[in-house]
Number of protein chains: 2
Amino acid sequence: MTGRLCGIGVGPGDPELLTLKAHRILTHAPVVAYPAPDDGPSFARSIVAGYLRPDQLEIPIVIPMRAERFPARAVYDRAAAEIGNHLRAGSDVCVLCEGDPFFYGSFMYLFERLAGRFATEIVPGVSSLTAAAAALKRPLAARNDVLAVVPAPRPDAEIGRVLDGSEAVAIVKVGRHLGRVRALIEAAGLLARAGYVERVGLASERVMPLAETTADRAPYFSIILVYKGAEGWINNLSVL
Amino acid sequence: MTGRLCGIGVGPGDPELLTLKAHRILTHAPVVAYPAPDDGPSFARSIVAGYLRPDQLEIPIVIPMRAERFPARAVYDRAAAEIGNHLRAGSDVCVLCEGDPFFYGSFMYLFERLAGRFATEIVPGVSSLTAAAAALKRPLAARNDVLAVVPAPRPDAEIGRVLDGSEAVAIVKVGRHLGRVRALIEAAGLLARAGYVERVGLASERVMPLAETTADRAPYFSIILVYKGAEGWINNLSVL
């Protein structure tokens, strides 16, 4: 019998934001795979480090951290082949996914290579989006709001259009686009309604009104939430 | 010392999708509050029923289930007063929130009434959105996609505009709008790219291509995900 491929969301950073299900699958898995940069430790692994055991086989999927954001097929071909060997041998393989497996994650590259041949399960996780709203202490979206999620690398005009057309906007992957996106939000007259969250759930977390940020660059995993609703308390970022 | 108000996301339905943190806070809370309809059991409570103890004091917040979707202030005024009494007496109060507390939830109505006077903590939860993507076994959003989340009660023209303007669209609160929204998606030429998920994570879960739904009404907590990306496997709903 072949093993099962499980993609588990490990949440945005706080190890306690794993679900009970992700924790159960992780602690029972003989093989654990995770993305890792070629120049440092794996963030996904660091989140669950306290739950891992020495008898678990670990497979780091080393992603070249070049300018190019969506790395070469060869990396995932190789990782899928290695994981496939374990699955064929009957071992379940648990793949760690920062946040949620299918929310802007790299797990899809493994899934598309393996799902046709092996049993799969996806365990959804807490996304950094709702964690950022919790940190800012205001809703991500309410009532019948349209919420738009837009990655910061998108062009100015598209970000402007999204800011105009939705009651709630989340800008993800802010990183080196912080200064540019802040200027776009200010131009749209929404600076006072924007909150900024960096490294949510980690010891180094920073939460503040966007207007108080001064840098032009931010960590890759930083988020801006804009809320246009009329409610005073929602827009009152002074609670931070 | 006054108690602390904790809003905890209990996830979309599967009790194992509580986070370790939500589970810890819930099992230590002397007082547990939750929304409940006036004509049946509380969904939020049903998710965590197996974790509750008889010595925990329960406060159902009974919401009149009329046509009106955003119920009268009086209900939340009363609930906030009752919860405030416990907080003032020094008891922590845990409020159960379906999915995530700040993602289209009613917790905001309690939060805005109590946060000024008491310490608060929000524990983000797994939203039904990523759970639906996991059930459909395809990404909610990938790479630099714009994802739009739109509640089904919004007018036709607005839903049509969102379908045109985003690579990924999630339609929430489908309920009695299923037939209308299906027609809008078909008119946009996207029916083959739409998946439907009902009661995600429950024993009665249904997951299927939207094209295979026939009813004009669905349960309130049903979701449609549309993905316009070019990748063949993402759009292949035949895996279901």
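Letters A, B, ... mirror the listed sequences (proteins, then strands); counts begin at 1.
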* Side-chain heavy-atom pair B:E16, A:T19 within 4.5 angstrom cut-off -> no

* Counting heavy atoms not belonging to B:R217, are there more than 12 under 6.0 Å from its CZ? -> no

* Part of A:F111 within contact of chain B (heavy atom distance under 4.5 Å) -> side chain

* Asked: Under a 4.5 Å cut-off applied to non-hydrogen side-chain atoms, are A:L136 and B:F102 in contact?
  -> no

* Structure fact -> Ranking B:V169, B:V149, B:V150 by heavy-atom pairs under 4.5 Å to chain A gives rank one to B:V149

* Nearest atoms (heavy-atom pairs only) where B:A142 meets A:M108 -> CB-SD, 3.3 Å

* Side-chain contact, heavy-atom cut-off 4.5 Å: B:N144 with A:K173? -> yes

* **From B:T130, B:V126, B:L17, residue fulfilling side-chain contact (heavy atoms from CB on, under 4.5 Å) relative to A:V123** => B:L17

* To do: Any chance you could measure B:L18, atom CG, to A:L18, atom CG, to the nearest 0.5 Å?
  => 13.0 Å

* At their closest point, which heavy atom of B:P124 faces which heavy atom of A:A134, and how far apart are they? -> CD-CB, 4.0 Å

* Is there a side chain to side chain contact (heavy atoms under 4.5 Å, CB included) between B:L147 and A:F103 once you walk through the steps? -> CA-CA 10 Å; B:L147 164 69; A:F103 187 68; 3.7 Å; yes

* Structure fact -> Closest heavy-atom pair, A:P15 versus B:L20, reported as atoms and distance to 0.1 Å, is O-CD1, 3.8 Å

* Is any NZ, NE, NH1 or NH2 atom of the basic residue among A:R154 and B:E167 found under 4.0 Å from an Asp or Glu carboxylate oxygen of the other? -> yes

* From CG (B:D100) to OG (A:S127), nearest 0.5 Å -> 7.5 Å

* Asked: Within the side chain of A:Y104, is there an N or O that forms a donor-acceptor pair under 3.5 Å with the backbone of B:P139?
  -> no

* Where the side chain of B:K137 meets the backbone of A:T120, is there a donor-acceptor pair that is under 3.5 Å apart? -> yes

